[in-house]
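Following: one structure in C-alpha cells, then a few remarks.
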Amino acid sequence: MKKVLLLSIGIILFVGLLGRAILHYHGVQVTSWYRTPWKNAGVNGKWLSLHLIGWAYDVIPVNGAIRAALAQYPWKVVVESDHIHLQIL
C-alpha cells in the first residue's frame with residue numbers, strides 16, 4: 001500500500017513537472033502552478049482545484065500564438081481576462 005501511494009505521488013509530480021517543461025519550451029510564463037490549500041483559499045480557488053496537485057497552470061501572455069501552441073496538448077484551456085488557465089486532462 002505504501003509503495004502504491006508513493007508511486008502515485010511520484011506520477012502526479014512527474015506529470016505536473018512535465019507540463020511546466022512544455023510551457024517553458026513554448027516561452028509561456030507561468031504565474032500560478034502548485035498551490036497549498038491555504039494559498040488556494042487565499043485566492044478564492046475552488047476547493048478541488050487541480051492547482052492543489054500541480055495539474056493546473058495560470059499563464060501569460062494571452063494571445064493567439066500561445067493558444068495555438070497549447071492546443072496540441074491534452075489540456076483544458078480557459079481564457080480569462082488577464083491570463084490563460086490550463087488544466088491537465
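One-based numbering along the sequence shown. This one's a predicted model, so the numbers in the text were calculated from it and none came from an experiment.
- Between the side chain of Tyr57 and the backbone N or O of Gly16, at least one donor-acceptor pair lies under 3.5 Å.
- With sequence neighbours excluded, the residues satisfying side-chain hydrogen bond (donor to acceptor under 3.5 Å, both in side chains) with His26 are Tyr73.
- In terms of hydrophobic clustering, with Ile, Leu, Val, Met, Phe, Trp and Tyr side chains grouped at heavy-atom distances under 4.5 Å, Leu18 and Val59 are assigned to a common cluster.
- His24 contributes atom NE2, which lies 13.0 Å from atom CG of Leu17 (distance to the nearest 0.5 angstrom).
- Ile60 and Asp82 get closest at one heavy-atom pair: CG2-O, 3.4 Å.
- Across Asp58 and Arg35, no two heavy atoms sit closer than the pair OD2-NH2, 3.1 Å.
- Taking hydrophobic clusters as Ile, Leu, Val, Met, Phe, Trp and Tyr residues chained together by side-chain heavy-atom distances below 4.5 Å, Val43 does not share a cluster with Val30.
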> Step by step, would you call Trp75 with Ile22 a side chain to side chain contact (heavy atoms under 4.5 Å, CB included)?
Replying inline: CA-CA 12 Å; Trp75 289 333; Ile22 290 168; 3.7 Å; yes
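- Separating the CD1 atom in Ile12 from the OH atom in Tyr34 is a distance of 11.0 Å, to the nearest 0.5 Å.
- Taking every heavy atom of both residues into account, Val15 and Ile88 meet most closely at CG1-CD1, 3.6 Å.
- Follow the hydrophobic side-chain contacts under 4.5 Å out from Leu23 and you reach Val79 in the same cluster.
- Put simply, NE2 on His85 and OG on Ser32 are 9.0 Å apart, with the number rounded to the nearest 0.5 Å.
- Taking a 4.5 Å side-chain heavy-atom cut-off between Ile, Leu, Val, Met, Phe, Trp and Tyr, the cluster of Trp47 extends to Leu48.
- Listed for the His51 side chain is a donor-acceptor partner under 3.5 Å among the backbone atoms of Trp33.
- With values rounded to the nearest 0.5 angstrom, Leu50 atom CG is found 9.0 Å from Leu89 atom CG.
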> Would Ile84 and Val77 satisfy side chain to side chain contact (heavy atoms under 4.5 Å, CB included), going step by step from the backbone distance to the final call?
Replying inline: CA-CA 7 Å; Ile84 297 174; Val77 178; 3.6 Å; yes
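- Between the CG atom in Leu52 and the OG1 atom in Thr36 there is a gap of 8.0 Å [rounded to 0.5 Å].
- The structure places OG of Ser8 at 11.0 Å from CD1 of Ile53, a figure rounded to the nearest 0.5 Å.
- With hydrophobic clusters built from ILVMFWY side chains whose heavy atoms lie under 4.5 angstrom apart, Leu7 does not share a cluster with Val4.
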